[in-house]
Amino acid sequence: MKLILATSNKGKVKEIKALCKDFEVIAYSELIEEFEIIEDADSFKGNALIKARAVFKALSQKNEYKDVVVLADDSGISVDVLGGAPGIYSARYASKGASDKDNLNKLIDDVKKSGVKSSPAHYTAAIAIVTPKYEYSVHGWMYGDVIAEARGNGGFGYDPMFIPLGYDKTLAELDDEIKKSLSHRAKALSLAKIILQTL
Ligand code: IMP
């Protein structure tokens, strides 16, 4: 089955491809021109559905892509000492259109400003699936701590400051295989795969 991803975030595409080996996974920007999608819902699930519906609609205007299955991930990090920020605003925490590096640096600064060296935090992933007939959504979470510094070169986004529960290294220092077994996205995708297998 062809699974079209409603994202062009390279980090996410790489992880989803590695976690969905049974499917032919294609980023929508490989099929049609990338376009801006306004994510103005108040939840991860709402924003995942907005992305999946927008890409499904754009693709179904072309005959050859009428029967596709579109999958969108909306995800982010919530930090306890910051009252759950940045949460659904994770992608634009430093500013609209900010790079992963700008967002990471702002979160490190804000944790520092709150006067702690680390804080409990968690990642959330909402996955929406849109097909010609149905819409579905599932969630996954990963708990741990954020630290007020960046360590390691792996992963993407906020990974250099996130230490998963039970580990003493950041996700950017740990092997990709470890993130694959722990991540919010992997957990949500394992539920999504159960749905995909019924289609
Ligand atoms: P989205 O693409 O609108 O869902 O934004 C997700 C935001 O959360 C981006 O800033 C990502 O860098 C960040 N994010 C989501 N998942 C992860 C992850 O697994 N590791 C690091 N950052 C992540």
Side-chain angles (χ1 to χ4, degrees), residues 5-20 27-29 34-55 70-79 82 84-108 110-111 121-129 137-147 149-165 167 169-190 192:
L5 300 186
T7 181
S8 33
N9 176 315
K10 289 201 176 82
K12 282 188 187 179
V13 172
K14 185 178 164 213
E15 282 191 13
I16 296 171
K17 279 189 173 169
L19 288 161
C20 285
Y28 86 96
S29 48
E34 214 174 314
F35 59 96
E36 193 189 3
I37 302 172
I38 311 287
E39 298 171 34
D40 56 1
D42 60 4
S43 64
F44 290 108
K45 172 181 162 179
N47 283 331
L49 278 164
I50 285 175
K51 287 189 261 193
R53 284 174 187 151
V55 169
V70 176
L71 183 146
D73 157 302
D74 195 71
S75 45
I77 192 165
S78 305
V79 177
L82 302 176
I88 59 166
Y89 304 105
S90 294
R92 48 195 145 126
Y93 191 43
S95 63
K96 191 172 179 262
S99 68
D100 272 12
K101 199 155 186 221
D102 293 338
N103 288 329
L104 172 71
N105 288 335
K106 174 162 168 56
L107 192 56
I108 290 175
D110 286 354
V111 172
H122 63 275
Y123 277 114
T124 304
I127 287 187
I129 297 168
S137 61
V138 290
H139 288 84
W141 292 270
M142 171 168 47
Y143 285 82
D145 289 286
V146 287
I147 52 171
E149 61 176 308
R151 288 194 214 147
N153 299 310
F156 68 97
Y158 298 99
D159 288 345
M161 67 183 297
F162 187 87
I163 300 182
L165 212 63
Y167 290 80
K169 288 190 169 136
T170 70
L171 281 174
E173 293 173 307
L174 292 166
D175 203 82
D176 282 358
E177 288 303 307
I178 296 181
K179 184 172 181 193
K180 244 164 113 180
S181 69
L182 298 173
S183 88
H184 49 309
R185 192 163 298 103
K187 288 175 192 152
L189 272 173
S190 68

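Order of appearance sets the numbers: ligands from 1, and atoms from 1 within every ligand.
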Inset, instruction - Decide ring-ring contact (aromatic ring centres under 6.0 Å, His included) for Y123 and F44; before the verdict, give the C-alpha distance in whole Å, the side-chain angles of both, and the deciding distance to 0.1 Å. - result: CA-CA 11 Å; Y123 277 114; F44 290 108; over 10 Å; no

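- With respect to D110 and K106, a salt bridge is recorded, a charged nitrogen being found less than 4.0 Å from a carboxylate O.
- Under 4.0 Å from any atom of ligand 1, one finds heavy atoms of residues K12, E39, K51, D73, D74, S75, G76, S90, A91, D100, Y123, F156, G157, Y158, D159, K179, H184, R185.
- With hydrogens and angles left out, the side-chain atoms of N9 and T7 include no donor and acceptor closer than 3.5 Å.
- What you find for N103 and S95 is that their closest heavy atoms are OD1-N, 4.4 Å.
- Pairing each heavy atom of K45 with each of S137, the nearest pair is CE-OG, 3.4 Å.
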Sequence neighbours left out, cut at 3.5 Å: what donor-acceptor pairs do the side chains of residues 177-184 make with other protein atoms?
unit_1, atom_1, unit_2, atom_2, d
E177, OE2, K180, NZ, 3.2
K179, NZ, E15, OE2, 2.6
K179, NZ, D159, OD2, 2.8
S181, OG, I178, O, 2.8
S183, OG, R185, N, 3.3
S183, OG, A186, N, 2.9

